[in-house]
Amino acid sequence: MSTTAVELVGLSKSFGDVTAVDGVDLEIRDGEFFSMLGPSGSGKTTVLRMIAGFEQPTSGRVHLAGQDVTGRPPFARDVNTVFQDYALFPHMDVLANVEYGLRVKKVPRAERRERATAALEAVQLGDLAARRPTQLSGGQRQRVALARALVNRPKVLLLDEPLGALDLKLRRSMQLELKQIQRDVGITFVFVTHDQEEALTMSDRIAVFRDGRIEQVAAPADLYESPASPFVAGFVGTSNLLEGEAAHTVLGRRGVFSIRPEKIHLGDEVGDDDATAPGVVQDVVYLGSVNHYLVELDAGPTLTVLRQNLRGTTHEAMALRGQRVTVGWAPEHVIELDQERQGQQHQELEES
Amino acid sequence: MSTTAVELVGLSKSFGDVTAVDGVDLEIRDGEFFSMLGPSGSGKTTVLRMIAGFEQPTSGRVHLAGQDVTGRPPFARDVNTVFQDYALFPHMDVLANVEYGLRVKKVPRAERRERATAALEAVQLGDLAARRPTQLSGGQRQRVALARALVNRPKVLLLDEPLGALDLKLRRSMQLELKQIQRDVGITFVFVTHDQEEALTMSDRIAVFRDGRIEQVAAPADLYESPASPFVAGFVGTSNLLEGEAAHTVLGRRGVFSIRPEKIHLGDEVGDDDATAPGVVQDVVYLGSVNHYLVELDAGPTLTVLRQNLRGTTHEAMALRGQRVTVGWAPEHVIELDQERQGQQHQELEES
Amino acid sequence: GTSSGDDDGGGGGATGSEEQGGFTAPDIEMAESLGDNEGTLSVLAWPGYAEDGSTDKSVDWVTPFEEGTGCQVEVKYFGTSDEAVSLMKSGQYDVVSASGDASLRLIAGGDVAPVNTDLIDNYADVWSFLKDRDWNSVDGQMYGVPHGYGANLLMYNTDEVDPAPTSWSSVFDDAGTYSGKVTSYDSPIYIADAALYLMNTQPDLGIKDPYSLDADQLAAAVDLLKQQREHVGEYWSDYLKETQAFKTGDSVIGTTWQVIANLAQSEGATVEAFLPDEGSTGWSDTWMVSSKTEAPNCAYAWLNHIVSPEANAAVAEWFGEAPANEKACDLTSDGFCESYHAGDEAYAEKIHYWTTPIEQCLDGRTDVTCTTYQDWTQAWTEIKG
Amino acid sequence: MLWLGVLYLGSLAALFITSLWSVDAFGGNIERIWTLDNYRDLFTIDVYRTITVRTLLIAAAVTIIDAVLAFPVALYMAKVASPRLQRILVIAVLTPLWASYLVKAYAWRGMFASGGPLDAVGLSPGYGLAATVLTLSYLWLPYMILPMYAGLERLPNSLIEASADLGAGTGTTMRRVVLPVLFPAAVAGSIFTFSLTLGDYIAVKIVGGANQMLGNVVYDSFLTGNNLPFAAAVATIPVAAMLVYLTAVRRTGALDSL
Amino acid sequence: MTRSVLLAFSALVLLFVYAPLALVVLNSFNTSRTFEWPPPGFTTKWWSAAVDSEGARNAIVVSLEVALVATVIALVLGTMAALALQRFRFFGRDTVSLLIILPIALPGVVTGIALANAFLTMFGIELGMLTLVVSHATFCIVTVFNNAIARLRRLGGNLEEASMDLGAGTFRTFWSVTLPMMRSALLAGALLSFALSFDEIIVTTFTAGQGIQTLPIWIYQNLFRPNQAPVVNVVAAALIVLSIVPIWLSQKLAGTDESVAAAR
Ligand SMILES: Nc1ncnc2c1ncn2[C@@H]1O[C@H](COP(=O)(O)OP(=O)(O)OP(=O)(O)O)[C@@H](O)[C@H]1O
Ligand SMILES: Nc1ncnc2c1ncn2[C@@H]1O[C@H](COP(=O)(O)OP(=O)(O)OP(=O)(O)O)[C@@H](O)[C@H]1O
Ligand SMILES: [Mg+2]
Ligand SMILES: [Mg+2]
């Protein structure tokens with residue numbers, strides 16, 4: 001098993017009355033791409049800032065590579081941060097920005113220059129070394145911020161929604177690029193985002209935050225396929241909840257259940273072993289590569305059904321609107337959500 | 001045929017040396033949900049601002065409901081705008097913000113109050129009327145901005161990336177809500193975005209902008225399935241370009257071709273009539289509801305293949321990484337992209 | 001000249017004095033008799049010369065005048081003699097308190113009328129040595145009523161300065177004894193003090209009048225002052241500054257006004273001030289009547305009032321100078337007139353009243369041009385360095 | 001706009017033209033004869049050079065002292081103090097502006113006096129240039145603190161954090177990040193301190209001992225000496241100094257942060 | 001650690017700032033007329049003298065008037081200049097902002113004699129209230145202008161566009177949106193400009209003529225009167241105390257600033 005890069009023990013942080021982080025225990029493995037996912041205000045940034053040392057925990061400890069670093073100032077920790085607003089120094093050119101960390105560590109000029117140039121090459125910005133940050137586009141700034149952090153070869157790189165300010169197209173391509181860079185350098189990445197798709201795409205493991213606590217820690221597929229709570233199910237992907245009376249009517253059981261949109265069969269796809277339910281297609285949302293069918297079940301709830309546009313025309317798909325259909329699913333794809341279960345337990349489960 | 005809500009004739013706008021908009025001709029129909037899609041800096045906002053009257057065109061005319069309004073100030077045009085940053089008046093409460101347009105038009109107090117309250121109800125904010133904009137969340141602000149514009153019952157509502165600042169989850173739900181509101185009120189919406197998925201989901205028709213020109217105007221499905229140029233193909237969805245030697249090897253033809261990721265069959269799915277090509281799965285990107293398989297063809301290019309996670313486990317999907325596979329597609333799903341063709345011609349084609 | 005900051009002695013005189021013979025006063029009618037008061041009077045005065053109780057309730061000699069004569073007074077203050085001259089030219093003011101360096105200009109310019117002293121009852125009580133002087137009369141015709149005068153004295157700290165000084169030499173040739181604690185008045189006109197000293201100590205220079213110096217004489221005075229500068233702790237320009245400096249011991253010897261000396265003593269400083277035998281510089285002011293006045297009766301009433309024993313005493317005490325009216329001394333506080341040497345003719349004769357240096361030498365020389373006040377100003381800047 | 005254009009620039013131009021004239025021998029009246037005499041005097045007589053250099057040095061010293069004093073205060077206000085304390089501190093810094101300039105200058109005279117509060121603890125430099133510099137620094141300090149404070153408020157915290165994150169200690173962060181970014185604001189403040197010092201003639205009279213500055217020369221020439229042309233000529237020195245300074249700092253963006 | 005050093009230093013500087021002011025207050029109770037140290041005795045007679053001093057009261061009134069009028073002029077012109085500069089891209093934008101800061105960037109002595117000379121010779125106006133107010137307004141404009149333009153820059157044009165979009169004309173937009181948004185900035189600018197004008201002595205000396213006694217001039221003249229110096233101290237001490245009120249008020253009002261920023 002791999003060693004531990006970051007370990008958080010009972011980490012809490014309050015700002016006055018607000019408890020931003022509330023007893024977080026977490027182990028991040030060496031070399032892993034670890035994401036923190038959660039809605040706005042759930043405490044992701046605060047945890048990151050405590051790892052970096054910008055914020056002192058109200059209680060709990062932070063360990064980096066086995067060492068307790070709680071109380072150490074940021075400059076005495078072997079981690080670097082890529083800030084959401086990049087925080088590039090406006091009075092320095094790109095090269096000077098990237099060199100900064102080496103300069104304050106008194107790395108000799110020649111080596112400094114060389115490493116900075118290499119880092120800039122790595123993010124494909126070799127030719128913009130002499131520009132000022134203001135003369136760069138958002139994506140370019142993002143890469144400078146990355147190079148500035150990476151050039152120090154930290155043990156852990158912390159990234160706080162680094163792609164948040166980019167437009168979708170650029171964001172997608174930066175996601176791939178970032179993941180690639182992480183693989184190349186082998187540094188542990190701790191990545192904060194509130195975009196589930198981004199987290200699923202890039203991460204080795206994801207921690208889902210809610211109200212300052214961790215709801216679940218798991219690999220993307222596990223998280224998606226076995227969410228520990230309705231919250232996780234809803235936050236990561238579309239959850240199609242069935243509960244109460246409707247659950248009883250459709251599934252014959254009581255409890256809270258979720259069926260992923262892509263697991264639901266539509267019309268003649270429905271297999272023999274599938275559980276089924278009748279309903280009406282309320283709307284068809286065209287998304288290019290896939291369609292979403294919103295099916296209102298006779299039992300009450302509306303299920304979103306995802307269907308890849310593999311064959312057939314858009315017009316055929318659209319024609320379903322208003323039609324009565326039968327939806328079905330394999331029983332093993334019904335996820336039972338135990339609302340009582342704590343994310344914490346799940347994490348332990350997952351770590352073992 | 002429906003009447004014309006907005007007509008742009010040879011519209012151009014230069015800022016000093018920069019030509020932001022370069023000869024745009026466009027007709028937007030009454031009651032339509034019309035999107036302007038394009039990368040950053042392609043001139044979308046500038047066109048919108050010329051329709052609203054904030055910017056005077058360097059040349060060309062703007063017609064609203066058949067009337068030439070070029071040169072009229074914003075307050076003399078029957079359009080309203082929802083700004084990207086909402087531009088709510090921070091010194092007024094929510095109700096006063098919504099009432100503002102009616103107040104300046106000297107609508108009597110009682111009617112004003114009534115209409116504003118109704119508009120707030122429509123966006124489900126009836127109980128927040130007394131709050132200040134600073135006390136609202138992003139999504140709530142967005143809705144106030146919408147109510148503030150809608151309460152004036154404009155002929156045309158202009159929206160400049162109104163969902164840009166929201167997080168993904170909220171954004172998705174606002175997309176649906178916005179579309180619903182548009183259907184209910186029947187007002188023409190002109191919607192600026194750089195998110196292709198958003199445009200595809202919501203729009204009746206989409207104009208794709210590039211460098212101040214319109215590359216193509218079409219309904220979502222037509223745009224996606226018959227892109228007029230490699231640019232459109234790439235901007236709207238993943239394009240999987242085949243060109244030059246590779247095209248010749250794989251397709252037996254010369255030219256530029258695109259195959260959509262969801263149209264490509266993988267392994268045993270490949271049908272008898274399908275054109276095929278051998279390759280190696282380089283990577284599998286897990287996205288929850290779907291997976292992306294990056295297949296490097298022996299002929300050179302890498303194709304992205306999208307596969308819905310309908311059946312089978314994630315582990316099976318991941319296991320494909322590094323495997324040799326055969327990909328295939330129905331010949332009719334190969335899109336020939338004529339690089340010479342102008343988006344303009346396509347638009348005419350489409351309009352006829 | 002007065003005490004209002006360092007603005008004294010500004011501007012140039014009109015022409016020379018009588019000795020040069022180049023000067024005849026314009027023919028301006030003099031009032032022969034008085035009629036009813038007009039009701040309003042516009043007064044142009046140095047700050048402090050026409051107090052109406054607004055600065056200090058107990059300091060008010062305007063209101064009694066208004067009550068007594070029915071002339072409503074409007075006061076405007078001026079800061080320099082130049083300003084006084086130019087304001088008088090506008091003709092808006094009925095009476096003016098003119099210093100020695102402004103009076104001749106006003107007379108020559110026809111801005112003020114001869115004053116019929118017979119119509120001013122209190123004129124009789126004015127010290128005779130103030131009457132018919134160069135700066136307030138032409139050919140024996142008075143152009144105003146003397147108001148008050150004072151001398152620039154030598155003050156020293158009795159604890160620190162031993163033996164007691166007797167001559168200006170202690171701040172000039174012997175300034176080194178108290179180096180760093182010497183103080184001088186901060187104005188170009190102070191050059192005259194040096195010239196006066198040189199007049200006594202270096203007769204070769206031929207200085208006859210400290211206000212008419214040719215280039216060489218000025219250079220000599222400047223040299224002397226530059227030597228003095230080495231030992232000057234600070235130049236003073238206002239009461240507070242000098243009183244403080246003497247009290248704290250930051251200054252122990254230097255020029256002063258009687259009023260400052262009195263103030264310092266009353267504040268407990270161990271100082272003495274005296275008029276050295278060489279004589280000294282000083283000032284004398286005159287109230288004059290505009291030639292264009294439309295309120296001659298009120299104007300005469302004002303002149304009469306301001307040299308009345310009561311008013312004159314009040315002004316003198318408030319302002320800190322010797323009163324012009326000998327009867328005023330009966331009304332001033334005990335020892336006031338003594339301390340200001342009011343009426344001491346011998347003392348007054350030793351005062352060389354401030355006059356504006358101009359090109360024509362006031363001492364009657366015609367073979368050289370004298371240095372002007374502008375030259376003095378530049379020289380003063382150089383002296384201070 | 002027109003107001004300023006016509007009135008102010010016109011006045012300056014008129015002043016400059018006046019500096020090329022002279023006064024008549026009686027004094028007071030300007031003779032409209034073109035002459036460079038005033039400037040010749042200015043350049044040939046040593047004393048003016050001495051005074052100019054002295055004044056510039058004092059201005060520089062005041063500016064530096066103010067910058068040094070203002071920086072930590074502004075930093076504390078902008079980055080450490082709670083919003084409430086921040087507000088109180090702003091008031092604390094602004095309040096002295098309302099106490100009369102003269103009264104404050106005299107208060108310093110009292111502080112420096114022999115046997116005064118400073119002398120009592122053995123810290124008084126006595127009246128002179130040191131006292132002048134100190135008093136002027138005191139008088140203009142708020143004009144330095146306020147722009148610096150505004151500048152620091154605009155400085156994103158993330159820049160400071162980024163620097164610490166990259167391994168820079170507090171000192172290095174100050175030197176390499178905060179100070180350079182703060183520079184325009186400091187320059188904006190220095191425009192005040194520099195210009196106010198160049199034009200001052202009162203403080204030096206009160207605490208400056210026997211010394212004089214450019215302002216005194218202008219004042220003496222104009223009001224005491226009634227020699228406007230010469231005063232105007234002298235006035236061109238600080239004007240030139242400020243214009244040189246302004247053009248030099250214009251590119252730093254300081255003019256926007258006044 | 002750094003924080004406590006900063007705090008200590010700031011406290012020291014504040015001590016430096018307030019020690020002389022404390023001395024002023026102390027001296028207003030000092031029996032010595034020349035601020036003897038240590039004070040030989042304690043008296044309130046200066047305070048009662050000050051209360052009775054009509055001159056001080058008049059001077060305060062004059063100063064308030066001048067500062068008020070100058071501030072109003074500066075407010076109008078400064079705001080207009082800021083709006084014009086923000087709105088229109090014309091060639092000399094830089095030059096204009098330089099021009100506006102010039103009156104404050106050039107020493108007061110220069111401004112003073114330049115304006116005095118201009119009034120007297122170019123326009124032939126006698127020095128008085130008018131010239132004084134005009135001169136003060138000239139250098140006050142810059143504080144209003146700077147505050148206004150900074151705020152406008154921060155606001156961008158979006159809110160105004162939103163208002164026009166909703167049917168409000170130019171004037172209406174200015175009145176209901178631009179002005180309220182700029183209020184706290186204008187208030188801060190006005191306050192500073194008021195303070196500048198209120199305590200201005202150099203330009204005042206040159207452009208007021210003798211008839212007008214503003215408070216600083218009154219103080220200047222009274223410092224030269226032997227019995228008045230302590231009264232001057234009283235006035236100054238009172239002003240220090242009273243000045244907290246407008247500053248505190250403005251700070252309170254400017255508190256809306258944060259909400260402006262947050263709303264964006
Ligand atoms: N310096 C602070 N002072 C007071 N409260 C704070 C502070 N920083 C964060 N908080 C509060 O702590 C909670 C967690 O904030 P945090 O920034 O960690 O959330 P987040 O998960 O990063 O959200 P987002 O996605 O919006 O960035 C929030 O309620 C926030 O308001
Ligand atoms: N006021 C302006 N002055 C100068 N150039 C401008 C101005 N407004 C826009 N431009 C330029 O015009 C071009 C088009 O800008 P526009 O804002 O219309 O793009 P956009 O498609 O809305 O981009 P985005 O998605 O980033 O909002 C850009 O190159 C931009 O830099
Ligand atoms: Mg965050
Ligand atoms: Mg845009």
Side-chain angles (χ1 to χ4, degrees), chain A residues 39-41 137-139 164 166-170 172 175-176 179 193-203 219-225 234-238 260-265 269 271 283 285-290 292 294 304 306-311 313-315 317-318 330 333, chain B residues 39-41 137-138 161 164 167-170 172 175-176 179-180 193-203 219-225 234-238 260-265 269 271 283 285-292 294 306-311 313-315 317-318 330 333:
Chain A
S40 194
S137 76
L166 307 184
D167 76 31
L168 198 73
K169 200 84 196 158
L170 191 56
R172 294 259 159 88
Q175 285 172 3
L176 295 179
K179 179 77 189 166
T193 181
H194 52 229
D195 181 339
Q196 28 142 322
E197 212 170 279
E198 191 163 279
L200 291 177
T201 313
M202 306 174 73
S203 326
D222 296 329
L223 197 67
Y224 187 77
E225 285 157 20
F235 199 79
V236 184
T238 312
R260 294 297 186 188
E262 72 278 8
K263 302 294 189 195
I264 303 178
H265 302 164
E269 290 171 356
D283 202 357
V285 180
Y286 181 74
L287 287 167
S289 57
V290 299
H292 283 170
L294 305 184
T304 302
L306 178 143
R307 189 62 61 248
Q308 176 179 359
N309 289 324
L310 183 59
R311 296 217 169 74
T313 69
T314 316
H315 290 289
M318 293 297 167
H333 287 148
Chain B
S40 196
S137 75
E161 304 195 24
D167 75 29
L168 198 72
K169 200 83 197 155
L170 192 56
R172 293 260 160 90
Q175 285 172 4
L176 295 179
K179 180 77 190 167
Q180 193 55 50
T193 181
H194 52 229
D195 181 339
Q196 27 140 325
E197 211 169 280
E198 191 164 279
L200 290 176
T201 313
M202 306 173 76
S203 325
D222 296 328
L223 196 67
Y224 187 78
E225 285 157 21
F235 199 79
V236 183
T238 311
R260 294 298 186 187
E262 73 278 10
K263 301 295 189 196
I264 303 178
H265 302 164
E269 290 171 356
D283 201 359
V285 179
Y286 181 75
L287 286 167
S289 56
V290 299
N291 283 340
H292 283 171
L294 306 184
L306 178 143
R307 190 62 61 248
Q308 178 180 357
N309 289 325
L310 184 58
R311 298 219 168 70
T313 69
T314 317
H315 290 291
M318 292 298 167
H333 286 148

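From a predicted model like this one, the values you see are computed outputs, not experimental measurements. Atoms considered below: every heavy atom in the structure, side chains included; atoms not considered: hydrogens, waters and symmetry mates. Just so we're on the same page: letters track the sequence lines, and every chain starts at 1.
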For this session: For residues B/L306 and A/V290, report the shortest heavy-atom separation together with the two atoms involved.
Result: CD2-CG1, 4.2 Å
Seminar exercise, completed: Of all heavy-atom pairs linking B/P261 and A/Q308, the shortest is O-NE2, 4.5 Å
Exercise. About how many Å separate CG of B/L176 and CG of A/D283, when rounded to the nearest 0.5 Å?
Worked result: 8.0 Å
For this session: Could you have a look at A/E197, A/H265, A/K179, A/R260 and say which one has the most heavy-atom pairs with chain B under 4.5 angstrom?
Result: A/H265
Exercise. So which of A/S289, A/G237, A/A221 has the biggest tally of heavy-atom pairs under 4.5 Å with chain B?
Worked result: A/S289
Exercise. Who wins among B/R307, B/M318, B/Q196 for the most heavy-atom pairs under 4.5 Å with chain A?
Worked result: B/R307
Seminar exercise, completed: Looking only at B/A317, B/G41, B/P220, B/A199, most heavy-atom pairs under 4.5 Å shared with chain A are made by B/P220
For this session: Answer with side chain, backbone, both or neither: which region of B/L223 has an atom nearer than 4.5 Å to a non-hydrogen atom of chain A?
Result: neither
Problem set entry | Non-neighbouring partners of A/H333 that pass side chain to side chain contact (heavy atoms under 4.5 Å, CB included), sequence neighbours left out | A/K263, A/A330
